[in-house]
Visitor: 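The structure under discussion is supplied below as structure tokens; questions concerning it will follow.
The chains referred to below are lettered A, B, ... by the order of the sequence lines, with proteins before strands, and numbering in each begins at 1.
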Amino acid sequence: MHEWALAEAIVEYVKDAVGGHRKIKRLVVALGELQSIDEEILRFSITEILKSEGMSIDDLQLIEEEAVLRCRRCGHEWSLKEVSLDEEIRELIHFVPEAVHSYLKCPKCGSRDFEVVKGRGVKIVEVVAE
Amino acid sequence: MHEWALAEAIVEYVKDAVGGHRKIKRLVVALGELQSIDEEILRFSITEILKSEGMSIDDLQLIEEEAVLRCRRCGHEWSLKEVSLDEEIRELIHFVPEAVHSYLKCPKCGSRDFEVVKGRGVKIVEVVAE
Amino acid sequence: MSSAYIPLDEDFRVSVIGRRLGGVKRILPVMSSKGGVGKTLVSVSLALALSDLGRKVGLLDLDITNPSAHVALGMKLKDLPEEEKGVKPPEVGGVEFMTIAYYTKDNPTPLRGWEIDNAVREILAITIWGELDYLLIDTPPGMSDELLDVITFFKPAEPLVVATNSPLAIKSVERLLKLLKEELTVKGVVENMASGASSLVKDLCTAHSVSYLGAIGFDPQIDSKLGSLEGIKSSSFFRDVTRIARKL
Amino acid sequence: MSSAYIPLDEDFRVSVIGRRLGGVKRILPVMSSKGGVGKTLVSVSLALALSDLGRKVGLLDLDITNPSAHVALGMKLKDLPEEEKGVKPPEVGGVEFMTIAYYTKDNPTPLRGWEIDNAVREILAITIWGELDYLLIDTPPGMSDELLDVITFFKPAEPLVVATNSPLAIKSVERLLKLLKEELTVKGVVENMASGASSLVKDLCTAHSVSYLGAIGFDPQIDSKLGSLEGIKSSSFFRDVTRIARKL
Ligand SMILES: Nc1ncnc2c1ncn2[C@@H]1O[C@H](COP(=O)(O)OP(=O)(O)O)[C@@H](O)[C@H]1O
Ligand SMILES: Nc1ncnc2c1ncn2[C@@H]1O[C@H](COP(=O)(O)OP(=O)(O)O)[C@@H](O)[C@H]1O
Ligand SMILES: [Mg+2]
Ligand SMILES: [Mg+2]
Ligand SMILES: [Mg+2]
Ligand SMILES: [Mg+2]
Ligand code: NI
Ligand code: NI
Ligand SMILES: [Zn+2]
Ligand SMILES: [Zn+2]
């Protein structure tokens, strides 16, 4: 349930973004595949925290973003489907996505000098106040 | 005259970029203000080196790019006009532009945690083979 | 380009960092651009010493690509920290201890600078510290992402700078003091592996108008005591650190 | 975002690096993720020792945010290197020596990772090495940009890994060996500040199937000799390094 902590950060950010507004019309949050965020828990947490702040939300969109990784050494791009990451390791990456460099290598050249081009973690895409 | 070394790198890159072509139609190189590249020396060097490789060029465009710096701490954006950099220090930055962090601070908040957003150094903008 | 540093005001994680540190009375990053001067041993021992003196203490290892505070503390990295509306730093020797090593498990973890910065922001956003009198931060050598992030995210930080009387360390620490003094107030300098014969570190403090907080003598036994809390606490290193802890 | 790493195949500077290193027979990066184990002293002394043995030697300080090889060598940083179709590394004690400190002049130079990477590429593109039997590279601790760039740009590199028998150093070196062996052949491990009593470093070599290249004893005089070539060469440290140099 560390999703709650991320939800607190999201709400903190949203509060700033909408100024004094109490009603959020739309909030779009991308969930990068690498971090395996529990969508339902995050949705619940954001809604609860907004409520406790006396705020409401019409439309909370959580959209999944596929992870794309690219090797800085050889240029190869790949997705998580191409590699195997067991449940236990996914759990570690869930907390700090950069830990992926401890467990994965480029499937083409074997280097750990790769980057997560897309789908690392949580990202706010859009906030619209009433 | 370390511009010669950069010209060698540019030609090496261009040779790759145009495959086996011997005639370059257009080469556009941006010269970031921060690095104070001597335009005439660079032009001379590129032309000479191309010639020595049995290659020719129609149109060599060297365009100046103003430097823009942005403070990572306070967000302030500034240009080199806003600060003073004497000749001696410009010479040091000429060789390794990152040395700018040894000599400049954000004019607004005093932090050295700023980045060169634009106009750092030499950059190839366009290569067109015949 | 994808590999960019996210501007502070565009990163939702940054918005919550102030609140996460809200219950912390004093933040003491242990710093030195020179490696091997004793940052990790000083931060670990200082945390244990302050806890023994009855203070509530947290310890955060921010040496992201080479964490080693857990090795000094003898943590086995078997279990993950508890989750409860965030990550609760496990307790060791009375100290709330957080490290990326819980997740990287002593595997090589090569990270480019922007990845280090990303990991730091993530850790700061999800770690739920209790009410603390002191948060000690172990930092890596060099003058790059972790160090700049410490200056950015921990306010007001009171850096403890560790120096030895090696000329290479003196030069590095000089550069660091110059940088730190531009942005914040340095708590002081700790001299480590002090021999008594050299006054280089004291002279450095005078030259840069920072406090000399005390000396830790060379302790030939310390390496053999690492990994055990009782071992560390029985060392002359720890006795010297405790003397410094009383002054903070 | 502006703060991005330039992909290798989009950076014109990268195209010339191979040629710049074309006259170099062997490239020996001196590495250790642990700070303070002696990387800088080993690389400096090894360069001087190999030169004394009649080899053509270059030395490159790639500890970009905390360069210190020039301090050990006693370079004053007054003059800029000569320019002649590039930058000619000045000679010191028979060694061609290149460092960013010629340009940063012992000022604090905090750089984010992508800036370090940029500086490394720039230096490699403009430095004109002579014909060299050996190019030694001093590297920083940690496992970030400089280290990854060494693996990327220097091929084939034969890393010399420096270790001490401190448990923290052993753990760091273990992670480094694991990483290096994934990508290249490690030349071997140098044990520094060896006491004779501990076999931790030898055991590490056995466990990871890398050569143990020899030991450098603890030299209580070495700090007082830094900054002078004659000083360094008269040390027991240098005598031990020379023994290792003969084996390379
Ligand atoms: N006071 C001391 N006496 C003896 N050895 C010490 C002392 N302080 C540090 N050391 C040695 O230095 C090594 C590096 O210390 P460490 O705390 O890891 O430095 P840093 O974190 O600055 O890299 C330790 O493992 C130990 O061997
Ligand atoms: N063999 C040795 N005997 C005594 N002291 C040493 C020895 N090797 C290194 N040192 C000490 O360790 C310090 C750090 O060495 P340095 O080469 O700068 O390490 P690194 O480059 O790995 O950080 C030196 O300034 C010196 O004080
Ligand atoms: Mg440390
Ligand atoms: Mg540490
Ligand atoms: Mg060094
Ligand atoms: Mg160095
Ligand atoms: Ni969770
Ligand atoms: Ni020039
Ligand atoms: Zn690859
Ligand atoms: Zn600023």
Visitor: Between D/I116 and chain C, with a heavy-atom cut-off of 4.5 Å, which part of the residue counts as in contact: side chain, backbone, both or neither?
Guide: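 It is the side chain, since no backbone atom gets that close.
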Visitor: Can you tell which of C/L177, C/N165, C/N107 has the highest number of heavy-atom pairs within less than 4.5 Å of chain D?
Guide: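 Of C/L177, C/N165, C/N107, C/N107 has the most heavy-atom pairs under 4.5 Å with chain D.
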Visitor: Over all heavy atoms of both residues, which pair between D/P108 and C/K178 is shortest? Give the atoms and the distance, please.
Guide: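 Closest approach of D/P108 to C/K178: CD-CD, 3.8 Å.
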Visitor: Give, as side chain, backbone, both or neither, the part of C/D149 having an atom under 4.5 angstrom from any heavy atom of chain D.
Guide: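 Both backbone and side chain.
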Visitor: Ignoring hydrogens and geometry, is there a side-chain-to-backbone donor-acceptor pair from C/D106 to D/K171 under 3.5 Å?
Guide: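 Checking the backbone N and O of D/K171 against the side chain of C/D106, no donor-acceptor pair under 3.5 Å is found.
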Visitor: Is any side-chain heavy atom of C/P67 less than 4.5 Å from a side-chain heavy atom of D/R175?
Guide: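 C/P67 reaches D/R175 side chain to side chain.
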Visitor: Side chain, backbone, both or neither: which part of D/L148 has an atom under 4.5 Å from a heavy atom of chain C?
Guide: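 Contact with chain C involves both backbone and side-chain atoms of D/L148.
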Visitor: Is a donor on one side and an acceptor on the other found under 3.5 Å between the side chain of C/D145 and the backbone of D/G113?
Guide: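 Pair found, side chain donor or acceptor close to backbone of D/G113.
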Visitor: Checking heavy atoms, do the side chain of D/L41, its backbone, both or neither come under 4.5 Å from chain C?
Guide: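 When you check distances to chain C, only side chain atoms of D/L41 fall under 4.5 Å.
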Visitor: Based on non-hydrogen pairs under 4.5 Å, which of C/G142, C/P167, C/P141 is most in contact with chain D?
Guide: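 Result: the option with the highest number of such pairs is C/P167.
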Visitor: Counting heavy-atom pairs under 4.5 Å with chain D, which one of C/G35, C/P110, C/P140, C/G36 comes out on top?
Guide: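 Max contact count across the listed options: C/P110.
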Visitor: Under 4.5 Å from any heavy atom of chain C, what part of D/T109 do you find: side chain, backbone, both or neither?
Guide: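 For D/T109, the contact with chain C is made by the backbone alone.
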Visitor: Given D/D223, which partner from the list C/S195, C/S166, C/S198 fulfils the side-chain contact (heavy atoms from CB on, under 4.5 Å) test?
Guide: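 Per the side-chain contact (heavy atoms from CB on, under 4.5 Å) rule, the option paired with D/D223 is C/S166, out of C/S195, C/S166, C/S198.
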